[in-house]
Amino acid sequence: MLNLKNAYFTGKDEFPVLRAQSNDFQRPFQMIRFSDRKDASLNDAICFYEWDLRFERQLDDQHLGKLILDFKRAGSVVQPDYSIFADEPLILQKMAVFNKNRVACELQSYGIEIIPNLRWGDRRSFEFAFSGIPKHQICAVGTYGQIRDKERRYLFEAGLEQALIQAEPKQLLVYGSMPDSIFRSYKGSVDFHQYDNWQIHAFDKKVV
């Protein structure tokens, strides 16, 4: 956490606080997952909507600095999507939030534009899941794997409502499917933009 020496922290739980995006920041053309980061351009954002094992170790203090040039290929980076499991002890859910904020703040210290990632666990996490995220930002949320069964869908719907209330994003980038049954009621007040997940792009490449 070398680059957190000058960071600000929330009062409760001391989560690192992200800086606001640049006034002229624009949403990306594509979201490219971390595993495919070599394909990113300045019009794209690198995201982490994939298995934690693909990125977790590489984002620790020892390895993160080696990735800066890769991240600078893109115009922005979405906060890491560390898994927050609803059946985990609360301390582990908080650690996931701390880590995604830690990485975001460290990347900001290198001049990298960050897109806050709205991620939560069970209902208890609503009190801290969005801590350290400035209001009125271009934010992102991933639906891939989050709405595939009844229980996950229920938690996603409840968490989305809280995310919109607490973070008040000026735009929300949705990585994955965007069912009307979940998002319709918010479309009049939130500017949504849907991005296909990596499996869709992989299928397109095979077809070509």
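Remark: Lys94 is positioned above the aromatic ring of Phe128, its terminal NZ or CZ atom under 6.0 angstrom from the ring centre and at most 45 degrees off the axis. Phe34 carries Arg37 over the face of its six-membered ring, with the cationic atom under 6.0 Å from the centre and within 45° of the normal.
For Asn117 against Pro80, the heavy-atom pair with the smallest separation is ND2-O, 3.6 Å. Contact detail for Ala86 and Leu155: the closest heavy-atom pair is CB-CD1, 3.6 Å. Nearest heavy-atom pair across Glu168 and Lys135 is OE2-NZ, 3.7 Å.
Within the 3.5 Å criterion, the main-chain N or O of Gly176 finds a donor-acceptor partner in the side chain of Gln194. Between the side chain of Gln171 and the backbone N or O of Phe192, no donor-acceptor pair lies under 3.5 Å. Panel note: side chain Gln21, backbone Ile138; a donor-acceptor pair is recorded below 3.5 Å. A donor-acceptor contact shorter than 3.5 Å links the side chain of Thr10 to the backbone of Phe15. With hydrogens and angles ignored, the 3.5 Å screen pairs a side-chain donor or acceptor of Gln166 with a backbone N or O of Phe126.
The pair Lys38-Asp70 meets the salt-bridge criterion, with a side-chain N (NZ, NE, NH1 or NH2) lying under 4.0 Å from an Asp/Glu carboxylate O. A salt bridge does not link Arg73 to Asp39: none of the charged side-chain nitrogens sits closer than 4.0 Å to a carboxylate oxygen.
Put simply, the side chain of Asp180 does not reach to within 4.5 Å of the side chain of Phe183, judged on heavy atoms. At a threshold of 4.5 Å between non-hydrogen side-chain atoms, the residues Asn197 and Tyr49 do not count as touching. Side-chain contact between Ile133 and Leu118: present, with at least one pair of heavy atoms (C-beta onward) separated by less than 4.5 Å.
No side-chain donor-acceptor contact under 3.5 Å links Arg148 and Ser177. For the residue pair Asp81/Tyr175, the side-chain donor-acceptor check at 3.5 Å is not satisfied. In this structure, a donor-acceptor pair under 3.5 Å is absent between the side chains of Tyr144 and Arg33.
Every residue meeting the side-chain contact (heavy atoms from CB on, under 4.5 Å) condition with Phe29, not counting sequence neighbours, appears here in chain and number order: Asn43, Asp44. Partners of Gln26 by side-chain contact (heavy atoms from CB on, under 4.5 Å), not counting sequence neighbours: none found.
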| request: Applying side chain to side chain contact (heavy atoms under 4.5 Å, CB included), run through Thr143 and Met178 and close with a yes or a no. | output: CA-CA 7 Å; Thr143 61; Met178 190 175 150; over 6 Å; no
| request: Quick one: do Ile182 and Ile147 satisfy side chain to side chain contact (heavy atoms under 4.5 Å, CB included)? Show the steps, please. | output: CA-CA 10 Å; Ile182 295 176; Ile147 54 176; 3.9 Å; yes
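Considering Phe85, Phe156, Tyr82 as possible partners of Trp120, the one that fulfils the ring pair (Phe, Tyr, Trp, His ring centres under 6.0 Å) test is Phe156.
With rounding to the nearest 0.5 angstrom, the OG atom of Ser76 is 3.5 Å from the CD1 atom of Ile115.
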